[in-house]
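As structure tokens, the structure follows; a few thoughts come after it.
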Amino acid sequence: MSRIHNFSAGPAALPTEVLQQAQAELLDWRGVGASVMEISHRDKAFIQVAEQAEADLRSLLAVPAGYKVLFLQGGATQHFVQIPMNLAAEGASADFIITGAWSLKAQKEASKVVKTRIAACTEAGGFKSVPGSYDFDPNASFVHYCPNETIQGVEFSELPNAGDVPLVADMSSNFMSCPIDVSRFGVLYAGAQKNIGPSGIGVLIISDALLARQPRNLPNILNYLKHAEAGSMLNTPPTFAWYLCGLVFQWMQRQGGLAGLGAVNARKASKLYDYIIGSDFYQLHADPNARSRMNVVFFLPKPELDASFLKGADAAGLMGLKGHRDLGGMRASIYNAVPEAAVDALLTYMQDFAKRHG
Ligand code: PMP
């Protein structure tokens, strides 16, 4: 078996142990003589998997009472419109903080169903930073932001303070990567395919207070309250993806929970940033106070070197480093399941490449 070092932005690396367990259980899950994929989501055995996954997520993330955890089909994009559909208060607009491609997309999509306002935007500076100040509307239905911009590699180290207006966070690329205080948020949501599982499923955590904003005439499938009442089984859920997330949560517990993972994630990121800052070859995209622990975006001295960097990386067993097409350069995504040894291998390669081309 050979597994490469995987720096893909998403779908991304999964823990090898989890894949091995899934492989071992694939044909005959828990002695039922069928795969977990082949049984009803209403089967007691599957309900137990679903409940355990939720319980483990709640304990890992220390989700307080008064919040529902939903496991929903698909990723984050649908929530760009579903959130305003569920949360928009009559006559009020929604505030958006724009710090990169994803929060911009979220605002554009939301504006199709609700009036949006921009509370801060860092586009003029090239999406390299987090805002220094905000223009919040105290009457807004909610404030939406993206704590970690996957494409630009820009991460907030502190929460924006919007007063009493509920904070809604697209945590797709830094979800469960370190401890957070869930009580500071109205809604948190993320596709699974970066830090907690495969694509095809996402998690949305919502406060009971926001769930009570029952919009009228919303089709059930778009209504978070209906999903909550049905235990995320309003219709057939992505059972295999849900099961895999459950295995990842158990793996996360074995890594010391979010505190343990957070410490390793911080160390992995520091190693890369420290080297790049000290090198006169590579350059970073993000400003010092906004450098993502998850997506490290960097450039070579000239774009003509990109192809040769990627070719050599491939030969060295380093996959998924090509930057997003909007930005160019390189991006190393170092989510939970990317081991420190992968970062060490990348560093060795980068040092060697710089020596040969510097
Ligand atoms: N938000 C962020 C921050 C993302 O990184 C992504 C996916 N790369 C999305 C939203 C879109 O997620 P999905 O493809 O799961 O809808």
Side-chain angles (χ1 to χ4, degrees), residues 6-14 70-85 96-112 116 121-123 127-130 142-157 159-160 167-178 180 185 187-205 221-222 224 232 237-238 240-242 244-245 248 265 285-286 290-297 320-327 331-338:
N6 186 352
F7 299 96
S8 300
L14 282 163
L70 308 181
F71 287 83
L72 300 172
Q73 291 203 27
T77 304
Q78 184 166 327
H79 300 301
F80 294 166
V81 285
Q82 206 174 339
I83 285 167
M85 282 175 168
F96 281 77
I97 300 170
I98 316 281
T99 51
W102 287 110
S103 47
L104 181 60
K105 207 169 194 174
Q107 181 266 324
K108 288 207 165 120
E109 286 297 293
S111 70
K112 295 172 186 172
T116 61
C121 179
T122 59
E123 188 167 18
F127 286 144
K128 293 179 180 176
S129 59
V130 293
F142 60 89
V143 175
H144 181 281
Y145 85 117
C146 180
N148 184 68
E149 284 283 357
T150 323
I151 294 175
Q152 280 81 11
V154 163
E155 185 172 21
F156 285 73
S157 55
L159 268 60
L167 204 51
V168 173
D170 171 5
M171 285 211 159
S172 288
S173 49
N174 64 353
F175 188 55
M176 297 181 84
S177 64
C178 65
I180 55 163
F185 298 88
V187 175
L188 287 179
Y189 66 102
Q193 67 270 22
K194 299 170 199 299
N195 272 311
I196 62 158
S199 59
I201 194 163
V203 171
L204 183 130
I205 302 175
I221 199 72
L222 297 174
Y224 294 138
S232 303
F240 191 64
W242 200 337
L244 280 174
C245 288
V248 173
N265 286 334
H285 175 73
R291 285 178 186 148
S292 167
R293 296 163 308 115
M294 298 279 109
N295 311 98
V296 179
V297 175
L321 289 166
K322 191 173 193 302
H324 190 275
R325 59 192 177 279
D326 288 353
L327 211 57
R331 170 175 52 173
S333 296
I334 47 174
Y335 303 124
N336 285 339
V338 176

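Numbers here are sequence positions counted from 1. All ligand and atom numbering here is 1-based and tracks the order in the structure.
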Checklist outcome for this item: Nearest non-hydrogen protein atom to atom 14 (O) of ligand 1, with distance, is Q193 NE2, 3.8 Å
Checklist entry - Should you measure from each heavy atom of S172, which atoms of ligand 1 turn up under 4.0 Å away? => result 1 (N), 2 (C), 3 (C), 4 (C), 10 (C)
Checklist entry - Does one side chain, of S177 or N336, offer a donor that lies under 3.5 Å from an acceptor on the other? => result no
Checklist entry - Can you tell me which residue and heavy atom of the protein come closest to atom 1 (N) of ligand 1, and the distance to 0.1 Å? => result D170 OD2, 2.6 Å
Checklist entry - In terms of ring plane angle, is the pair H79 and Y224 parallel, tilted or perpendicular, where the classes change at 30° and 60°? => result tilted
Item to check | Heavy-atom gap K194 to ligand 1 smaller than 4.0 Å | outcome: yes
Checklist outcome for this item: Ranked by distance from atom 16 (O) of ligand 1, the top protein heavy atom is T77 OG1, 2.5 Å
Next on the checklist: Any atom of ligand 1 sitting under 4.0 Å from a heavy atom of M171?
Outcome noted: no
Checklist entry - If you count the atoms of ligand 1 from 1 in the order shown, which ones are under 4.0 Å from a heavy atom of F80? => result 10 (C)
Next on the checklist: Can you tell me how the ring of W102 sits relative to the ring of F80, calling it parallel under 30°, perpendicular over 60° and tilted otherwise?
Outcome noted: tilted
Checklist entry - Going by distance only, is there an N or O of G191 that falls short of 3.5 Å from an N or O of ligand 1? => result no
Item to check | Donor-acceptor pair, side chain of H285 and main chain of V154, under 3.5 angstrom | outcome: no
Next on the checklist: I'd like to know if the side chain of N148 reaches the main chain of S292, judged simply by a donor and an acceptor atom lying under 3.5 Å from each other, with no hydrogens or angles considered.
Outcome noted: no
Checklist outcome for this item: In ligand 1, the atoms that come under 4.0 Å of a heavy atom of T150 are 2 (C), 3 (C), 4 (C), 5 (O)
Checklist entry - Could a heavy atom of C146 be found less than 4.0 Å from some atom of ligand 1? => result yes
Next on the checklist: Check this for me: Q78, atom CD, are more than 12 non-hydrogen atoms of other residues, nucleotides or ligands nearer than 6.0 Å?
Outcome noted: no
